[in-house]
Undergrad: 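My questions will all concern the structure given below.
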Amino acid sequence: MKRRIVPFGIKDVDDYSPDSALLVEQSVVCGNVPPHPAPPPPLPTPPGSSKVDVNAGSFPGSPASLPPITLPPVPVAPLSNGKEPNLVLLSAFQCQPVNWLWPGRVPKGKLTLFVGDPGTGKSTLTMDLVARVSQGSLLPDGNSCDPSHCIVLNCEDGISDTIKPRLLLHGANENKISIFTGVKWSVGFETNFSLSTDIEVLKTAINRTNAGLVIIDPITAYMVGTNQYKEGEVRGVLGPLAQMAEETGVAVVGVAHVNKNTQTQLLYRTQGSVGFVATARSVLAVVPDPRNERRKIVTSIKSNLGVKPPDLSFTMAEGGKIVWDAEPVRNFDVAGAFGDQKTKEESSQKARAMDFLREILKDGPLPKTTIDQYTKDNGFSIATVRRAKDDLGLSANFIPATEDRASFWKWSLPNEEKADD
């Protein structure tokens with residue numbers, strides 16, 4: 001009997017496709033092996049379907065460019081209530097960049113919140129923003145903006161004695177600003193605007209004026225009848241507002257207060273339920289600077305659409321005009337600034353210690369023993385200075401001992417701070 005060896009390797013086997021293969025994982029000693037039977041003819045492709053070879057070497061394009069795999073629809077009985085799912089393939093959507101009214105801070109077509117304690121200047125900040133947008137002037141960080149019509153809803157401040165004087169003080173173009181005072185009915189009376197029932201009225205106002213910015217101050221005042229501590233009810237009101245903003249492309253800025261619960265994270269201190277900050281795509285906090293109560297810090301505490309922008313600061317000049325500082329704020333402890341009195345005091349001490357370290361190290365590194373002596377002389381605690389060191393990102397380098405001196409540590413400012421001096 002004649003014998004032959006079938007070697008280890010790859011042997012084509014038909015699976016209705018000549019490209020498929022089977023690894024023969026054994027060597028066998030065979031006798032008279034009958035020839036492999038001829039492959040059957042390929043099966044016909046069902047109508048409405050396509051067979052795609054997804055082998056990486058058989059298709060030159062990227063995975064995103066692969067032709068779609070379509071399958072024949074499976075018949076399903078319609079729902080008895082007449083509802084059907086609206087399914088749209090992802091491929092039907094086009095990627096679009098985020099459009100910004102104020103880059104990094106106030107996106108177009110989205111809801112933004114300005115939050116903070118009463119008296120921190122949130123409303124005045126919105127008036128400054130409205131004035132700049134109405135004129136198309138530079139924004140506080142130097143970015144430009146196109147002139148746009150603005151709509152203001154404000155139920156706390158008087159129009160003639162507060163809102164208009166503030167806007168004119170900041171250089172507003174009063175012919176590109178509308179005050180939304182209420183909803184007029186065809187039967188001849190007027191009612192207060194409500195986010196729960198009058199979104200279409202607001203949308204009409206935006207379309208008629210081609211507005212680019214809407215201010216709602218405070219946003220909770222226009223949610224009468226809504227339990228602001230129930231997330232479902234808050235989302236039920238703010239969801240349609242966010243959808244309207246996306247449809248019109250308008251930037252909506254709502255003003256909100258924070259509660260007194262200092263035991264929770266800052267992002268969840270907005271008065272009412274978490275639905276407020278969950279619906280907003282950007283949240284900016286306005287807080288006093290612990291080192292200077294007249295100075296306010298504007299810091300981003302939520303930014304779903306981009307990286308966190310630098311913190312900015314401003315003071316109030318005579319008459320209540322906002323004056324922005326030229327340089328951004330570094331290493332600001334926003335959580336401490338929003339904390340209880342004890343935390344605020346600790347934050348203030350740490351802020352002063354940070355200024356102290358910048359001052360003594362601006363001319364170069366110093367030994368730790370020298371810094372400790374300066375710390376004692378200036379009335380700081382070692383623990384406070386250590387926390388300030390960590391927040392500043394100071395470098396601490398160990399210097400080995402030599403024949404004429406002992407080893408020691410020295411601190412120095414980070415490279416970026418030395419480069420700025």
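When reading the values below, keep in mind they use all heavy atoms of this one structure, side chains included, and skip hydrogens, waters and symmetry mates. None of these values were measured; they are calculated from a predicted model. Residues take their numbers from the sequence shown, with the count starting at 1.
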Undergrad: Do the side chain of Arg132 and the main chain of Ser137 share a donor and acceptor less than 3.5 angstrom apart?
TA: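 Looks like no, no N/O pair under 3.5 Å.
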Undergrad: Side chains of Arg358 and Leu392, heavy atoms from C-beta outward: is any pair under 4.5 Å?
TA: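 Side chain of Arg358 against side chain of Leu392, heavy atoms only: contact under 4.5 Å found.
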Undergrad: Before you tell me yes or no, could you show the steps for His149 and Asn210 under side-chain contact (heavy atoms from CB on, under 4.5 Å), namely the whole-Å CA-CA distance, both residues' side-chain angles and the distance that decides it to 0.1 Å?
TA: CA-CA 7 Å; His149 199 92; Asn210 195 26; 5.8 Å; no
Undergrad: For a quick test of reading the model, state the closest non-hydrogen atom pair linking Pro414 to Leu394 and the distance between them.
TA: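 Where Pro414 meets Leu394 most closely, the heavy atoms are CD-CD2, 3.8 Å.
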Undergrad: Strictly distance-based, threshold 3.5 Å: is any side-chain N or O of Arg405 a donor or acceptor partner for the main-chain N or O of Pro400?
TA: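 A pair under 3.5 Å: yes.
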Undergrad: Of all the heavy-atom pairs spanning Phe314 and Thr120, show the shortest one and how long it is.
TA: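 Heavy atoms of Phe314 and Thr120 come nearest at CZ-O, 4.1 Å.
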Undergrad: Keeping Thr209 on the side-chain end and Ala205 on the backbone end, is there a donor-acceptor pair under 3.5 Å?
TA: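 Side chain of Thr209 to backbone of Ala205: a pair is present.
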Undergrad: Test Phe408 against Thr369 for side-chain contact (heavy atoms from CB on, under 4.5 Å), laying out the working first.
TA: CA-CA 8 Å; Phe408 66 97; Thr369 52; 5.9 Å; no
Undergrad: With sequence neighbours left out, write down each residue that passes ring pair (Phe, Tyr, Trp, His ring centres under 6.0 Å) with Phe189, or none if nothing qualifies.
TA: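 Testing Phe189 for ring pair (Phe, Tyr, Trp, His ring centres under 6.0 Å), a comparison that skips the adjacent residues, returns Trp185.
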Undergrad: Under the salt bridge (Lys or Arg N to Asp or Glu O under 4.0 Å) rule, what do Lys122 and Asp117 come out as? Steps first, then yes or no, please.
TA: CA-CA 9 Å; Lys122 302 183 299 298; Asp117 286 316; over 6 Å; no
Undergrad: So do Ile215 and Cys150 actually touch side chain to side chain, heavy atoms under 4.5 Å?
TA: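 Contact flag for Cys150/Ile215 side chains = no.
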Undergrad: Is the closest side-chain heavy-atom distance between Arg166 and Ser123 below 4.5 Å?
TA: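 Yes; the side chains approach each other to less than 4.5 Å.
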Undergrad: How far does CG of Asp198 sit from OG1 of Thr191, to the nearest 0.5 angstrom?
TA: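 Answer for the CG-OG1 pair, Asp198 versus Thr191, is 6.0 Å.
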Undergrad: Supply the atom-to-atom distance Leu241 CG to Thr279 OG1, rounded to the nearest 0.5 angstrom.
TA: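 One gets 9.0 Å once the value is rounded to the nearest 0.5 Å.
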Undergrad: Minimum heavy-atom separation for Ala353 and Thr384, please, with both atom names.
TA: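 Between these two residues, the closest heavy atoms are CB-CG2, 3.9 Å.
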Undergrad: From Leu357 CG over to Leu413 CG, what is the distance, rounded to the nearest 0.5 angstrom?
TA: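 Atom-to-atom, Leu357:CG and Leu413:CG are 8.0 Å apart.
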Undergrad: Cationic tip of Lys108 within the cone over Trp100's six-membered ring, i.e. under 6.0 Å and within 45° of the normal?
TA: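 Cation-pi check for Lys108 and Trp100: fails.
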Undergrad: Could you check whether atom CG of Asn192 has more than 12 heavy atoms from other residues, nucleotides or ligands sitting under 6.0 Å from it?
TA: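 Atom CG in Asn192 is not packed in, count stays at 12 or less.
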Undergrad: Strictly distance-based, threshold 3.5 Å: is any side-chain N or O of Tyr222 a donor or acceptor partner for the main-chain N or O of Cys155?
TA: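 Yes, because the side chain of Tyr222 sits within donor-acceptor range (under 3.5 Å) of the backbone of Cys155.
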Undergrad: Measure across Phe276 and Leu238 and return the closest heavy-atom pair with its distance rounded to 0.1 Å.
TA: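 Closest approach of Phe276 to Leu238, heavy atoms only: CD2-CD1, 3.7 Å.
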Undergrad: Quick one: does Lys302's side chain have a donor or acceptor within less than 3.5 Å of a partner on Ala280's backbone?
TA: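 Checking the backbone N and O of Ala280 against the side chain of Lys302, a donor-acceptor pair under 3.5 Å is found.
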Undergrad: Please check this pair: side chain of Ser194 against backbone of Ser196, looking for a donor-acceptor N/O pair closer than 3.5 Å.
TA: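 Pair found, side chain donor or acceptor close to backbone of Ser196.
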Undergrad: Just do the side-chain contact (heavy atoms from CB on, under 4.5 Å) check on Val214 and Ile206 with the steps written out, would you?
TA: CA-CA 8 Å; Val214 172; Ile206 292 167; 4.0 Å; yes
Undergrad: Between Asn292 and Arg294 (side chain of the first, backbone of the second, donor and acceptor by atom type, cut-off under 3.5 Å), is there such a pair?
TA: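 Confirmed, Asn292 side chain pairs with Arg294 backbone.
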Undergrad: More than 12 non-hydrogen atoms from neighbouring residues, nucleotides or ligands closer than 6.0 Å to NZ on Lys164, yes or no?
TA: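 12 or below, so no.
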Undergrad: Is there a side-chain contact (heavy atoms from CB on, under 4.5 Å) between Ile216 and Leu195? Walk through the geometry before answering.
TA: CA-CA 10 Å; Ile216 307 177; Leu195 287 170; 4.2 Å; yes
Undergrad: Any side-chain heavy atom of Lys296 sitting closer than 4.5 Å to one from Val287?
TA: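 Answer no - side chains too far apart.
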Undergrad: I'd like to know if the side chain of Thr248 reaches the main chain of Met244, judged simply by a donor and an acceptor atom lying under 3.5 Å from each other, with no hydrogens or angles considered.
TA: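 Side chain of Thr248 to backbone of Met244, a donor-acceptor pair under 3.5 Å: yes, one is there.
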Undergrad: State which residues pass side-chain contact (heavy atoms from CB on, under 4.5 Å) with Asp141; sequence neighbours excluded, sorted by chain then number.
TA: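 Only Trp102, Arg105, Leu139, Asn143, Leu312 meet the side-chain contact (heavy atoms from CB on, under 4.5 Å) criterion with Asp141.
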Undergrad: With a cut-off of 6.0 Å (strictly less than), are more than 12 heavy atoms of other residues, nucleotides or ligands near CD of Glu190?
TA: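 More than 12 within 6.0 Å, yes.
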Undergrad: Side chains of Val286 and Leu284, heavy atoms from C-beta outward: is any pair under 4.5 Å?
TA: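 With C-beta onward as the side chain, the pair stays apart.
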Undergrad: Find out whether Val283 and Val115 are in side-chain contact, i.e. whether some heavy atom of one side chain is under 4.5 Å from a heavy atom of the other.
TA: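 SC-SC contact between Val283 and Val115 confirmed.
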Undergrad: Will you find, in the side chains of Asp128 and Trp324, an N or O donor that is under 3.5 Å from an N or O acceptor?
TA: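 Yes, a side-chain donor-acceptor pair sits under 3.5 Å.
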Undergrad: Locate the shortest heavy-atom distance separating Ile382 from Asp372; write the atom from each residue and the value.
TA: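 The answer is CD1-OD1, 3.7 Å.
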Undergrad: Say you draw a straight line from CE of Met354 to NZ of Lys350; how long is it, rounded to the nearest 0.5 Å?
TA: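 Answer rounded to 0.5 Å: 7.0 Å.
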Undergrad: Identify the two heavy atoms, one from Lys410 and one from Ile399, that lie closest to each other, and give their separation to 0.1 Å.
TA: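 Looking at all heavy atoms of both residues, the shortest contact is CE-CD1, 3.9 Å.
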Undergrad: Are the side chains of His170 and Lys321 in contact, using a 4.5 Å heavy-atom criterion?
TA: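 Side chain of Lys321 against side chain of His170, heavy atoms only: contact under 4.5 Å found.
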Undergrad: Main chain of Gly171, side chain of Gln135: is a donor-acceptor contact present, judged purely on distance under 3.5 Å?
TA: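 Side chain of Gln135 to backbone of Gly171, a donor-acceptor pair under 3.5 Å: yes, one is there.
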Undergrad: Could you tell me whether a side-chain N or O of Glu246 sits under 3.5 Å from a main-chain N or O of Lys110, the two making a donor and an acceptor?
TA: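 Not confirmed, Glu246 side chain does not pair with Lys110 backbone.
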Undergrad: Compare all side-chain heavy atoms of Phe93 with those of Val88 and state whether any distance is below 4.5 angstrom.
TA: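 Phe93 vs Val88: side chains touch.
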Undergrad: Once you round to the nearest 0.5 Å, how far does OG of Ser300 lie from NZ of Lys308?
TA: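 One finds 5.5 Å between OG of Ser300 and NZ of Lys308.
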Undergrad: Could you work out, with side-chain contact (heavy atoms from CB on, under 4.5 Å) as the rule, every residue matching Ala172, not counting sequence neighbours?
TA: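 Expected list: Ala131, Ser134, Leu167, Ile177.
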Undergrad: Rounded to the nearest 0.5 Å, what separates atom OG1 in Thr162 from atom CE in Met127?
TA: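 These two atoms lie 10.5 Å from each other.
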